[in-house]
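Computed over heavy atoms, backbone and side chain alike; hydrogens, waters and symmetry mates excluded.
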Amino acid sequence: MPDQKRHHFVPEFYLLRFANENERVLERPRSRKEFVTNIDNVAAECGFYDVTQPDGTKSKEVEDRLTQVEGDTADVLRWIDTTMEAPPSGSHERAALSEYLGLQMSRTRELREQTQFPLKVEAFLDGRALTLDLMAEFLEQIHLGFAPIHGEVQGAFDYTAILLQDRKLLTAEWSMSVMFDTAEMAAPVLAERYWCIEHDRKERLVTSDTPLAIWRTPSSKDAYSGTGVVDADEIRFPLDPSKQLVMTKR
């Protein structure tokens with residue numbers, strides 16, 4: 001849409017740390033051949049933070065809040081560049097970076113997809129009543145691309161049925177609230193971990209559209225349980241091609 005501003009869900013100040021002097025990076029999409037492009041075109045989507053006010057204008061509240069967090073984080077990353085150390089526990093720098101990392105974890109296309117999932121189901125139903133069979137059909141044909149198991153169908157059915165009963169939970173305002181609330185809950189958990197900086201003298205580190213990498217030792221739990229900041233064995237965040245922040249349980 002011509003009136004929509006292009007918003008980054010991975011901020012430009014961070015992408016610049018992986019760019020050349022012309023602010024260009026090598027992008028490797030999941031479904032296309034790699035190419036070189038300006039950071040303006042990377043990890044961005046039109047209207048990603050748009051919230052329309054009652055008078056029809058776009059609210060600047062979300063962008064202003066993000067600008068403050070990103071400014072504080074840019075200062076912390078410069079501090080790390082100078083000291084070559086991780087911010088110590090209890091410091092202002094660790095608190096600021098933890099807030100940013102929690103936000104970077106929640107300002108993703110995936111989380112936005114979750115909050116808007118019921119609306120896509122509603123469009124698929126096209127006036128039909130929601131049933132388990134129709135949910136299974138939607139998941140297989142539209143959402144997953146393969147046949148879901150019963151638990152997936154039931155979970156998606158319950159989630160959609162509840163949210164469709166309360167339309168205010170399907171608004172842009174609610175999506176933004178989920179984004180910030182998720183970040184607020186994750187930040188103190190991240191701050192409590194043991195932090196260190198790992199270095200790569202050959203500068204081979206890369207980043208992505210979801211730069212916070214959450215990892216747990218592979219186990220039988222992987223068949224039915226995901227991994228979050230609480231139960232992760234290790235959480236990694238690349239800072240630039242030569243160093244990354246590593247957060248462990250110690």
Side-chain angles (χ1 to χ4, degrees), residues 7 9-10 27-34 42-51 101-186 189-190 207-237:
H7 296 144
F9 46 89
V10 179
E27 182 174 358
R28 181 178 294 172
R30 292 174 175 84
S31 58
R32 304 196 308 276
K33 190 175 181 180
E34 63 186 30
V42 178
E45 191 172 301
C46 288
F48 196 71
Y49 303 120
D50 276 356
V51 174
L101 294 176
L103 189 57
Q104 189 60 79
M105 185 182 72
S106 66
R107 64 194 288 191
T108 64
R109 282 174 169 165
E110 288 78 10
L111 186 62
R112 186 62 56 80
E113 178 78 14
Q114 291 174 23
T115 60
Q116 298 300 301
F117 179 83
L119 293 177
K120 294 187 176 182
V121 175
E122 185 177 50
F124 170 78
L125 293 174
D126 193 23
R128 295 174 293 179
L130 178 62
T131 65
L132 287 173
D133 288 341
L134 285 175
M135 177 57 75
E137 185 179 333
F138 170 81
L139 291 176
E140 181 171 1
Q141 295 182 7
I142 308 297
H143 189 67
L144 297 176
F146 54 85
I149 62 175
H150 174 73
E152 292 172 326
V153 177
Q154 186 66 60
F157 176 90
D158 294 341
Y159 177 72
T160 301
I162 291 172
L163 291 187
L164 286 179
Q165 292 176 12
D166 192 346
R167 308 297 299 190
K168 71 175 184 294
L169 298 181
L170 298 174
T171 62
E173 290 89 345
W174 187 69
S175 293
M176 303 304 161
S177 177
V178 170
M179 179 179 73
F180 285 115
D181 289 348
T182 301
E184 187 175 337
M185 290 186 290
V189 180
L190 293 167
T207 191
S208 72
D209 55 356
T210 53
L212 203 67
I214 299 175
W215 179 83
R216 180 178 67 192
T217 303
S219 72
S220 58
K221 289 183 178 180
D222 298 337
Y224 58 87
S225 173
T227 305
V229 294
V230 174
D231 58 351
D233 291 331
E234 208 169 76
I235 301 172
R236 292 174 175 258
F237 180 71

side-chain hydrogen bond (donor to acceptor under 3.5 Å, both in side chains) pairs touching residues 116-134, sequence neighbours excluded, are Glu113-Lys120, Gln116-Ser175, Glu122-Arg167
Residue pairs passing the ring pair (Phe, Tyr, Trp, His ring centres under 6.0 Å) test with at least one member in residues 120-144, sequence neighbours excluded, are Phe117-Phe138, Phe117-His143, Phe124-Phe138
Would you check, one step at a time, whether the test side chain to side chain contact (heavy atoms under 4.5 Å, CB included) holds for Leu111 with Thr108? CA-CA 5 Å; Leu111 186 62; Thr108 64; 3.7 Å; yes
>> Do Thr227 and Trp215 have side chains that approach each other closer than 4.5 Å (heavy atoms only, starting at C-beta)?
In response: no
- Query: Quick check: does any side chain N or O of Thr182 sit under 3.5 Å from a backbone N or O of Met179, one acting as donor and the other as acceptor?
  - Reply: no
Residue set satisfying ring-ring contact (aromatic ring centres under 6.0 Å, His included) with Phe9, at least two apart, ordered chain then number -> Phe48
- Query: Is there a donor-acceptor contact under 3.5 Å from the side chain of Asp222 to the main chain of Ser219?
  - Reply: yes
Hits for side chain to side chain donor-acceptor pair (under 3.5 Å) against Glu184, two or more places apart or cross-chain, chain-then-number order -> none
When rounded to the nearest 0.5 Å, the distance separating OH of Tyr159 from CE of Met135 is 10.5 Å
Would you find a donor on one side and an acceptor on the other, under 3.5 Å apart, between the side chain of Ser177 and the backbone of Glu173? no
Return yes if some donor-acceptor pair links the side-chain N/O of Glu152 with the main-chain N/O of Ile149 below 3.5 Å, else return no. yes
With a 3.5 Å distance limit and no angle check, can you tell me whether Asp209 reaches the backbone of Ala43 through a side-chain donor-acceptor pair? no
d(Ile214 CD1, Met105 CE) to nearest 0.5 Å is 5.5 Å
Look only at the side chain of His7 and the backbone of Cys46, and say whether a donor-acceptor pair between them is shorter than 3.5 Å.
no
Using a strict cut-off of less than 4.0 Å between a Lys/Arg side-chain nitrogen and an Asp/Glu carboxylate oxygen, indicate whether Lys221 and Asp231 qualify as a salt bridge. no
CG (Leu139) and CG (Leu144) are apart, to the nearest 0.5 Å, by 5.0 Å
| request: Check for a donor-acceptor pair, side chain of Thr160 on one end and backbone N or O of Phe157 on the other, with a separation under 3.5 Å. | output: no
Residue set satisfying side chain to side chain donor-acceptor pair (under 3.5 Å) with Arg236, at least two apart, ordered chain then number -> Glu198, Glu234
By side chain to side chain donor-acceptor pair (under 3.5 Å), Gln114 pairs with (sequence neighbours left out) none
(request) Side-chain contact test, heavy atoms from C-beta onward, threshold under 4.5 Å: evaluate it for Leu101 versus Ile235 and give yes or no. (result) no
Separation between CG (Leu103) and CG (Leu212), nearest 0.5 Å, reads 11.0 Å
